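Structure, as C-alpha cells:
Just so we're on the same page: letters track the sequence lines, and every chain starts at 1. Given the structure is predicted, the values throughout are model-derived calculations rather than measurements.
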Amino acid sequence: DQQVKQNSPSLSVQEGRISILNCDYTNSMFDYFLWYKKYPAEGPTFLISISSIKDKNEDGRFTVFLNKSAKHLSLHIVPSQPGDSAVYFCAASRGNAGKSTFGDGTTLTVKP
Amino acid sequence: DTGVSQDPRHKITKRGQNVTFRCDPISEHNRLYWYRQTLGQGPEFLTYFQNEAQLEKSRLLSDRFSAERPKGSFSTLEIQRTEQGDSAMYLCASSHSSIYGYTFGSGTRLTVV
C-alpha cells in the first residue's frame, strides 16, 4: 500500500514557464509534508516543506500548496529554469516522528 | 562541516557475503536515518536513531540487516548473507530533532552478483 503517490513519472516544461508537480497521500495521520530535489549521483536535497495547519508555503520561486480535504499537495516552480531539471520527491511524516514516507518521484525537464 | 558522508560510494559483492556501510552525519544533528532506494522508486525507510538509541526499524527489514550508532556519532549498516534483491542505493541522512527535513549523503550503491 503506497501511502504517498506521485502519479506523473515525468514532466517537461519550457524555461520561464511554471512547473507544477503533484502528490497525493492516503494516510490522514500525516501532518507534515516535504519536497526534495535529486540530481544524478547525489542524494536528495531538502527543498521546501509545509505543515498541515497551513495551506501554502512560499520560498522564492518555490511554492507548496496543501489541500487537506483532497489529501493533495503540489509544488509550483515559477519561473522554471534549466537548472531545476531533476527528480522531485514528495514526502510525508507524522509530526516530528523522524520517519518520512516518500513518493516515487517526478522527473522534471526544463527546456531552454 | 562537509555534510553527510557515506563510505564506500560503491560496493560489489558476491551473494552470501556480508557487507558493512558507514555514515558520518552532520555533527550537530542528533538524528540519523537509513533509507534504501531502487531504480524508479523513492527512498524506502529502513531505520533511524536519535543519538545512540535506535527508535524505529522498518518491519520490512529482514533480520539480515542490522544498524548501530555507537556514541551517537557515526553509524554502520551491516547486511549479512547478501542476496541479489539487496542490490540498491543505501542512503544515509541526518537531521536535528527540532528541525524538519533531512540532509542526505550521496549514498552507497550496492551490487550483489
Turns out that what part of B:Q6 lies under 4.5 Å from chain A's heavy atoms comes down to neither
Without hydrogens or angle criteria, can the side chains of A:S69 and A:N67 be said to hold a donor-acceptor pair below 3.5 Å?
-> yes
Under 4.5 Å from any heavy atom of chain A - which part of B:F45 | side chain
Under 3.5 Å: donor-acceptor pair, side chain of B:S95, backbone of B:H29 = no
Counting heavy-atom pairs under 4.5 Å with chain B, the top scorer among A:G105, A:G103, A:P9, A:S100 is A:S100
Is a side-chain N or O of A:T106 found less than 3.5 angstrom from the main chain of A:S8, in a donor-acceptor match?
-> yes
Side chain, backbone, both or neither: which part of B:R109 has an atom under 4.5 Å from a heavy atom of chain A?
-> neither
Whether B:T47 side chain and B:E56 backbone form a donor-acceptor pair below 3.5 Å = yes
